[in-house]
Amino acid sequence: MTHKFIPYGKQSIDQDDIQAVIDTLRSDFLTTGPKITEFEQKFADYIGCKYALSLTSGTAALHAACFASGIQSGDEVITTPITFAATSNSILYVGAKPVFADIDPNTYNLNPLEVEKRITSQTKAIIAVDYTGQPAQLFELRKIAKQHHLVLIEDAAHSLGSKIKDKQYRWHMIGTISDLTTFSFHPVKHITTAEGGMVCTNDDNLYDKLLLFKTHGITKDPKGFHNSQEGNWYYEQHLLGYNYRMSDLQAALGISQLSKLNHFIKRRHEIASRYNQAFSQNQWKEKLTIPYQAKNTRSSFHIYVIKLNLSKIGRSRKDLFDTLRKFNIGVNVHYIPVYYHPYYQKLGYRKGICPIAENFYEEIITLPIHPSMTDEDVEYIIKSVKYAINN
Ligand SMILES: *Cc1c(COP(=O)(O)O)cnc(C)c1O
């Protein structure tokens with residue numbers, strides 16, 4: 001069985017996307033021009049939030065969110081270990097301490113009860129991650145945050161277009177619930193700008209801070225000046241910010257990609273349904289667990305992660321992984337618990353602090369899912385996974 005390599009995630013770029021970038025290259029603005037404004041407006045409209053602010057990456061978006069929340073040295077921020085390192089790195093960027101709380105064994109997202117246990121007088125914020133696209137228990141987390149006067153930040157790098165229903169049966173789009181929600185436009189995510197990110201908020205104050213932060217801390221708005229304006233050249237720096245500006249070239253690509261987002265999500269759902277169907281038949285059900293889907297959520301399936309019952313299968317995860325890679329299937333493991341990394345170990349984190357997350361890590365494997373996969377690719381993967389498990 002030779003088949004072309006199928007990565008776990010990949011961008012879908014068409015002629016419209018290419019043309020949008022070329023048109024912008026020929027325009028007057030390469031950076032911070034009309035495409036940035038248009039992308040931010042269209043993104044905010046799609047989400048249904050007041051403000052969307054573009055940045056150079058999802059990581060920059062997280063850094064900005066931590067800064068705008070007022071998190072600083074001496075503060076603690078509670079987050080999940082089952083995420084990409086950028087989530088907790090953003091806590092370190094502002095000098096605060098990441099505190100890892102364990103995940104829920106069914107949803108694989110931050111367990112609100114574990115979060116509550118880790119709150120101290122130093123706790124300033126919670127960063128939830130909608131792992132795989134499955135929304136975290138956002139209403140429970142928001143309630144905890146309110147009770148303890150914490151900021152709720154949501155890393156929605158996996159969950160652009162995901163939805164969650166509240167107790168009154170109203171659907172909410174991800175990006176409208178937490179104080180600050182961050183997105184990534186890396187090529188494996190739902191839409192891409194090559195590199196890029198966005199922060200969404202409904203809060204005027206937070207938005208002002210985010211805006212300053214991404215442009216060196218410099219303002220040109222006379223309303224905010226500390227000193228009187230000396231002339232039209234005048235501007236002031238008020239805090240130590242960064243250059244985290246997205247370019248107009250990227251925004252042009254983002255606008256074009258956003259117009260196709262609903263089609264991309266639909267295709268992701270088709271592929272996930274086919275996997276679910278193939279792996280929920282009896283003989284497979286006892287060997288692996290398909291992704292959890294809460295009744296009150298609709299995931300946009302950034303990644304498709306199965307949990308292996310290794311004792312029933314009788315082979316190691318590494319064995320299965322290597323076999324599937326030999327079949328040219330770009331399986332992956334999302335994620336190594338963040339505090340396993342040598343950098344975090346050096347900071348003093350030890351294995352054992354989140355046992356459910358640690359066990360989970362041993363049993364998972366990510367199967368490819370992205371809109372440009374063909375039905376034939378999907379069937380090839382299903383056949384190969386079944387073969388690998390049975391042989
Ligand atoms: C991709 C990702 C990020 C970082 O986004 P970049 O745009 O690559 O900086 C952060 N958190 C999670 C969970 C991610 O998957």
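Values in this document were obtained by computation on a predicted structure and should not be read as measured data. Ligands are counted one by one from 1 in listed order, and the atoms in each one are counted from 1 as well.
Remark: minimum distance from atom 11 (N) of ligand 1 to any protein heavy atom is reached at D155 OD2, 2.7 Å. Among protein heavy atoms, the minimum distance from atom 5 (O) of ligand 1 is reached at S184 OG, 3.2 Å.
Each of T192, T193, D17 was evaluated against Q257; a single residue qualifies, D17, per the side-chain hydrogen bond (donor to acceptor under 3.5 Å, both in side chains) test.
Every atom of ligand 1 is numbered from 1 in the order shown, and the set under 4.0 Å from a heavy atom of G196 is 7 (O). Within the listing of ligand 1, atoms 13 (C) sit less than 4.0 angstrom from a heavy atom of T83. Each of the following atoms of ligand 1 lies closer than 4.0 Å to a heavy atom of G58: 5 (O), 6 (P), 7 (O), 9 (O). Every atom of ligand 1 with a heavy atom of T87 under 4.0 Å away is listed here by number and element: 11 (N). Contact atoms of ligand 1 toward S57: 7 (O), 9 (O) (distance under 4.0 Å to a heavy atom of the residue).
By the criterion of a heavy-atom distance under 4.0 Å, both the backbone and the side chain of T59 are placed next to ligand 1. Of all the heavy atoms of Y335, the ones lying under 4.0 Å from any atom of ligand 1 belong exclusively to the side chain. Contacts with ligand 1 closer than 4.0 Å are made by side-chain heavy atoms of H158 only, the backbone lying farther away. The proximity of A157 to ligand 1, defined as any non-hydrogen pair under 4.0 Å, is limited to the side chain.
D130 has its side chain out of reach of D155: every pair of non-hydrogen atoms, C-beta onward, lies at least 4.5 Å apart.
Proximity annotation for atom 3 (C) of ligand 1: of K189, H63, H334, K189 comes nearest, heavy atoms only.
Side chain to side chain, E286 and N282 fail the donor-acceptor criterion of an N or O pair below 3.5 Å. In summary, the side chains of N309 and S311 do present a donor paired with an acceptor at a separation below 3.5 Å, with no hydrogens or angles considered.
The aromatic rings of Y242 and F213 are tilted relative to each other, their planes meeting at an angle between 30° and 60°.
Separation of the H190 and F264 ring centroids does not fall under the 6.0 Å cut-off.
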Solution key, residues 329-340 side-chain donor-acceptor pairs under 3.5 Å, sequence neighbours excluded:
| unit_1 | atom_1 | unit_2 | atom_2 | d |
| --- | --- | --- | --- | --- |
| H334 | ND1 | T366 | OG1 | 2.8 |
| Y335 | OH | H158 | NE2 | 2.9 |
| Y339 | OH | C354 | N | 3.1 |
| Y339 | OH | E358 | OE2 | 2.4 |

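For residues 32-57, every residue pair satisfying the ring-ring contact (aromatic ring centres under 6.0 Å, His included) rule, not counting sequence neighbours, is listed here: F39-F185, F43-F183, F43-F185, Y51-Y207.
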